[in-house]
Asks: 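Here you go, one structure.
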Amino acid sequence: MSSFAQIEKKWQKRWRDNKVFSARINSKRNKFYNLEMLPYPSGTGLHTGHARNYSLGDALARYKRMRGFNVIYPMGWDSFGLPSENEAIKRGVHPTISIKQNIATFKKQMNAMGLSYDWDREISTHNPEYYRWNQWLFLKLLENKLAYKKKTSGNWCPGCNTTLANEDVKDGLCWRCDSEVVQKDIDQWFFRITKFSNQLLSGLNKINWSNHLKSLQRNWIGKSEGYEIKFKIENKQDISVFTTRPDTLFGCTYMVLAPEHPLVKDLVSGTKIEPKFNKFINKLSKQNELERISKEKEGLFIGKYAINPINDKKIPIFIANFVLMGYGTGAIMSVPAHDTRDYEFAKKYKLPIKQVIQNKNTSIDKSYSGEGKLINSGKYTGLFSDNAREKIGVELIKKNLAKKKINYKIRDWNISRQRYWGTPIPIIYCNKCDMVPVPEKDLPVKLPKTVDYNTLAKSPLETNSSFVNVKCPSCGGRAKRETDTMTTFVDSAWYYFRYCDPNNNKSIFDKTKIGYWMPINQYIGGTEHAVGHLLYSRFITKFLKKLGYINFDEPFLNLLNQGMVNRGGSKMSKSKGNVIDPLDTINEYGADTLRTYLLFIASPSTPFEWSDKDIKGVHKFLNKILDSPKLKFGSIKRKYIESLTQTKILNCTEHFEKLELNKVLIELMDFYSEIEKYPSKFALNSFLRMLSPFAPHISEEVWERMGIRTMLAKSSWPKFDKSKINKKAEQNEESIRKTVSDIKQILKITGKRAKIIYLYVIPSELKNYTLVSSELSSKLNSEVRVFAVNDSTKIDPENKSKKAKPGKPGIYLE
RNA sequence: GUAGGCGUUCCAGAGCGGUCAAAUGGGAUGGACUUAAGAUCCAUUGGCUUAGUGCCUUCGCAGGUUCGAAUCCUGCCGCCUACACCA
């Protein structure tokens with residue numbers, strides 16, 4: 001075990017000294033950008049999930065290098081953000097100090113794993129030279145009217161004491177601290193991601209991500225195509241509703257508005273409904289959105305009627321808790337016969353239910369929301385839904401009562417955080433000039449060192465007056481800085497660009513460098529970022545393309561979501577006490593064992609169940625390999641083992657290309673047991689190369705002990721040579737194995753000992769068996785004689801043990 | 001409810017039309033070594049057997065296509081994951 005540690009240290013040093021992993025632009029070579037998601041360097045160090053993630057990425061990086069690609073494989077730190085701030089408060093240290101320590105720990109652990117990062121490209125997002133480009137991006141977005149400030153009801157996390165983006169709220173709870181998120185009216189900065197809704201959606205078609213992940217993003221963007229239809233109201237302004245189903249318009253028997261709908265007040269004011277209405281609103285205002293929509297449907301008839309534009313029928317108008325102002329127009333046309341929610345509501349308030357779509361099921365207890373032939377629909381009766389939708393739409397558009405409309409669920413991205421440890425938003429407020437962006441030449445707006453964290457003020461930055469009070473860049477008068485900081489998701493939305501040109505102090509990056517390295521060929525990370533980070537990154541990329549800085553609009557061509565690491569059936573967590581520290585594993589079994597184990601047990605995307613027994617198996621395997629230079633090379637079975645080598649090269653390469661790394665290892669284990677039987681330097685050489693992405697240290701060590709001068713990390717992946725495949729040799733081996741096991745079985749069961757074993761085989765196989773007879777003899781410790789027989793001859797069981805020819809292919813003992 | 005995915009031998013997990021009683025690892029059993037444990041190595045690991053490169057049963061369940069199905073199709077059952085009053 002200690003030998004593993006020594007070997008690992010030795011090779012880590014040699015790789016470093018030889019700068020094996022630093023990547024330089026070389027226009028003659030094909031590049032491969034390999035990247036794992038930017039980690040937050042927490043105080044607790046690497047966990048097993050990280051280890052799995054990085055083992056995957058590193059194996060791929062090493063493989064691609066061997067395949068001749070110019071591989072860029074960088075690493076950096078998501079060092080801004082709440083956890084660092086909270087940790088710093090808890091420890092009473094400034095975040096700058098604690099994050100520096102954490103980064104050092106992470107880096108040390110990563111190096112102990114033997115990860116082949118190009119550390120020359122390392123970045124930290126809390127570095128002013130990094131975050132000044134966040135600020136620059138912000139100004140560019142502002143310039144393009146894609147950033148704006150708005151006072152609005154937003155998600156407020158009382159635990160984190162800040163606002164959150166919609167993407168940060170999971171099931172009504174804060175994604176970080178699980179506090180219940182409340183709605184609060186605050187001034188907040190937004191990025192207009194909704195401008196890119198359609199591109200964000202269509203771009204999914206040209207990238208290679210899992211269907212699952214794509215559907216998560218599609219869901220989040222939530223595109224639905226339909227119509228906005230005007231309903232007239234006596235003596236009042238028209239009310240528009242959004243619907244995807246104009247074909248059911250004849251079945252619309254009432255209308256429902258969101259209680260906050262701007263026209264509602266006007267409709268009820270001065271009527272006798274008003275007191276009831278106020279009471280209703282009052283009750284609702286006490287509930288947050290989540291409560292409101294999870295409660296039973298509740299509504300109120302407001303005493304007014306609207307006109308259904310398709311048949312001029314008068315229909316009552318309701319307000320109800322389940323209609324949300326934030327989606328569509330905040331008003332719906334209700335078709336109880338063909339919508340579950342409308343049906344429920346109509347039942348409760350005894351509203352008419354009119355069927356307009358034919359339904360195969362005769363049951364009337366349920367609404368039918370599928371499509372079908374129209375009934376009770378005037379001149380449209382008899383048409384099929386899709387056709388009717390089109391025709392009704394055309395009629396209404398002609399009458400100027402409707403327009404085509406596409407709705408998205410996605411909302412603009414709230415980037416404001418009322419916390420300290422983040423990028424200051426480069427905005428100055430001046431009494432005279434109003435809001436003034438900080439001029440580019442004044443960037444970065446540096447985060448002040450001293451603030452009072454425990455402030456009750458809106459943001460800790462407000463407590464530093466020398467930060468807050470500035471001169472207006474435009475008129476020179478007294479002015480104040482914006483004190484919100486940006487969410488760290490801004491930092492991580494573009495960091496991968498910066499790796500291509502990490503030290504550029506003139507611009508965010510050099511276009512030619514990006515032109516060479518980007519986009520990312522393989523991105524690896526967890527699913528938890530499906531609608532946050534991955535969406536924001538795509539948005540920023542599309543924006544940079546719009547600015548003309550890049551000529552592609554999807555940053556991540558291939559995405560691999562590695563599965564979780566579980567233990568005892570559930571996710572590793574401190575509270576459950578089932579955490580495995582990867583460092584302990586490295587100390588006990590070595591980094592190669594950990595890496596190989598993590599890649600062997602499960603395919604990369606499936607959840608991983610940690611088992612102490614399995615890891616020992618892998619350790620055993622690697623230990624054997626360390627001894628392989630002692631094998632007696634020069635097997636007589638050269639043809640077979642060399643043919644097998646080619647087969648294994650072919651299989652391993654295919655599996656690797658599909659990122660089925662567990663299968664590569666399965667092949668390699670199988671391969672190695674054959675090498676042990678028939679030692680061949682050629683086979684071992686290929687084997688070590690193919691093993692090196694998984695267990696790089698041990699492979700290097702054995703490689704060296706075999707007397708090869710070139711470092712394995714600089715060598716190439718074995719080339720598949722079809723001409724060396726010898727199917728016959730492999731088949732022979734297969735039949736020998738089977739014959740041997742059959743004979744052993746017979747000997748065991750009959751309890752016989754055989755001096756001579758007669759093999760009667762069909763003529764076409766005679767040659768094969770004759771060739772291997774001597775080998776069989778040595779394996780079975782008996783003389784083996786092979787004869788050809790004609791299958792059609794009769795067999796006499798009594799002759800079995802005699803030399804006389806039995807007529808059937810088989811094994812006979814003497 | 002909607003969308004995606006899955007169901008294989010004791011376990012994890014390959015195989016995705018014939019070479020399949022089904023890779024690989026773990027476990028279990030037996031053997032070698034050892035005073036013993038551990039480690040290591042070898043063998044066995046669906047059943048029956050007249051022992052024959054034999055027969056039968058198995059890849060969620062039920063059918064179908066095919067000369068032939070764990071693999072393809074249809075229906076059913078069960079599990080997972082995500083989003084859910086989105087109009």
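Note on naming: letters A, B, ... go to the chains in the order of the sequence lines (proteins, then strands), and numbering restarts at 1 for each one.
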Asks: Is there a Watson-Crick or G-U wobble partner for B/G25 with both distances under 3.5 Å, and which nucleotide is it?
Replies: B/C11
Asks: Please report the distance separating the P of B/G25 from the corresponding atom of B/C73, rounded so that it comes out in whole Å.
Replies: 32 Å
Asks: Would you mind classifying the nucleic acid contact of A/F600 as base, sugar-phosphate or nothing, using non-hydrogen atoms under 4.0 angstrom?
Replies: sugar-phosphate
Asks: Let's test this: given Watson-Crick or G-U wobble pairing with both distances under 3.5 Å, identify the partner of B/U65.
Replies: none
Asks: What do you reckon, is NZ of A/K616 surrounded by more than 12 foreign heavy atoms closer than 6.0 Å?
Replies: no
Asks: When rounded to the nearest Å, what value does the distance between P atoms of B/A21 and B/G26 take?
Replies: 25 Å
Asks: Before you tell me yes or no, could you show the steps for A/S385 and A/D247 under side-chain hydrogen bond (donor to acceptor under 3.5 Å, both in side chains), namely the whole-Å CA-CA distance, both residues' side-chain angles and the distance that decides it to 0.1 Å?
Replies: CA-CA 6 Å; A/S385 285; A/D247 52 315; 3.0 Å; yes
Asks: RNA chain B: A/N662 or A/N211, which has the more 5' nearest nucleotide?
Replies: A/N211
Asks: Among the nucleotides B/G27, B/U40, B/U81, which one has an atom lying closest to any side-chain atom of A/K620?
Replies: B/U40
Asks: Measure from CD on A/E660 to P on B/C16 and round the result to the nearest Å.
Replies: 10 Å
Asks: Calculate the interatomic distance between A/M564 atom CE and B/U81 atom C1'; express it in whole Å.
Replies: 10 Å
Asks: From CZ of A/F621 over to P of B/A39, roughly how many Å is that when rounded to an integer?
Replies: 20 Å
Asks: Measuring only the P atom in each nucleotide, how far is B/G38 from B/G27? A whole number of Å is fine.
Replies: 12 Å
Asks: Could you tell me how far B/G18 sits from B/A62 if I compare only their C1' atoms? Round to whole Å.
Replies: 25 Å
Asks: Going by purine N1 to pyrimidine N3 plus the second Watson-Crick contact, or the G-U wobble pair, all under 3.5 Å, which nucleotide sits opposite B/U49?
Replies: none
Asks: Can you find a heavy atom in the side chain of A/V323 that is under 4.5 Å from one in the side chain of A/L257?
Replies: no
Asks: Using 30° and 60° as the class limits, which term best fits the ring planes of A/Y672 and A/F687: parallel, tilted or perpendicular?
Replies: tilted
Asks: Out of B/U24, B/G26, B/A14, which has the shortest distance to the side chain of A/D670?
Replies: B/U24
Asks: In whole angstroms, how far is the C1' atom of B/G25 from the CG atom of A/L665?
Replies: 11 Å
Asks: What integer number of Å spans the P atoms of B/G1 and B/C76?
Replies: 13 Å
Asks: Answer yes when A/E344 and A/K347 have at least one side-chain N-carboxylate O distance shorter than 4.0 Å, and no when they do not.
Replies: no
Asks: Given B/U24, B/G4, B/C83, which nucleotide is nearest the side-chain atoms of A/M669?
Replies: B/U24
Asks: When the C1' atoms of B/U71 and B/U44 are compared, how many Å lie between them, rounded to an integer?
Replies: 29 Å
Asks: Rounding to an integer number of angstrom, what distance separates B/A70 and B/C20 when you compare their P atoms?
Replies: 13 Å
Asks: As a test of reading the structure: which of B/G4, B/U24, B/A87 is closest to the side chain of A/I666, going by heavy atoms?
Replies: B/U24
Asks: Just how far, in rounded Å, is P of B/C83 from CD of A/E528?
Replies: 12 Å
Asks: Tell me if the centroids of the rings in A/Y589 and A/F4 come within less than 6.0 Å of each other.
Replies: no
Asks: Base, sugar-phosphate, or nothing for A/G617, non-hydrogen atoms under 4.0 angstrom?
Replies: sugar-phosphate
Asks: Whole angstrom is fine here: how far is it from NE2 in A/H655 over to P in B/G15?
Replies: 7 Å
Asks: Reckon A/K613 has a side-chain N or O less than 4.0 Å from the OP1 or OP2 of B/A12?
Replies: no
Asks: Assign each of A/D342 and A/K624 to its nearest nucleotide of RNA chain B by heavy atoms, then name whichever residue's nucleotide is nearer the 5' end.
Replies: A/K624
Asks: Give a yes/no answer on whether the side chain of A/S224 brings an N or O atom under 4.0 Å of OP1 or OP2 in B/A87.
Replies: yes
Asks: Taking the side chain as every heavy atom from C-beta outward, state whether A/Y227 and A/K403 have any pair of such atoms under 4.5 Å apart.
Replies: no
Asks: Which nucleotide, in any strand shown, forms a Watson-Crick or G-U wobble pair with B/C59, with both distances under 3.5 Å?
Replies: none
Asks: Is the ring pair A/F345/A/Y349 parallel, tilted or perpendicular, if the boundaries are 30 and 60 degrees?
Replies: tilted
Asks: Counting only side-chain heavy atoms from C-beta out, which of B/C83, B/A12, B/A14 sits nearest to A/I601?
Replies: B/A12
Asks: Indicate, with a heavy-atom threshold strictly under 4.0 Å, whether A/K409 touches base, sugar-phosphate, or nothing.
Replies: base
Asks: For B/A82, what is the paired nucleotide under Watson-Crick or G-U wobble rules, both distances under 3.5 Å?
Replies: B/U2
Asks: Quick one: A/F322 CZ to B/C86 P, roughly how many Å, whole number?
Replies: 9 Å
Asks: Atom CD of A/E654 and atom P of B/G15: how far apart are they, to the nearest Å?
Replies: 12 Å
Asks: On a whole-Å scale, what distance lies between the P atoms belonging to B/U50 and B/C61?
Replies: 31 Å
Asks: Does the structure show a Watson-Crick or G-U wobble partner for B/A32, both distances under 3.5 Å? Name it, or say none.
Replies: B/U40
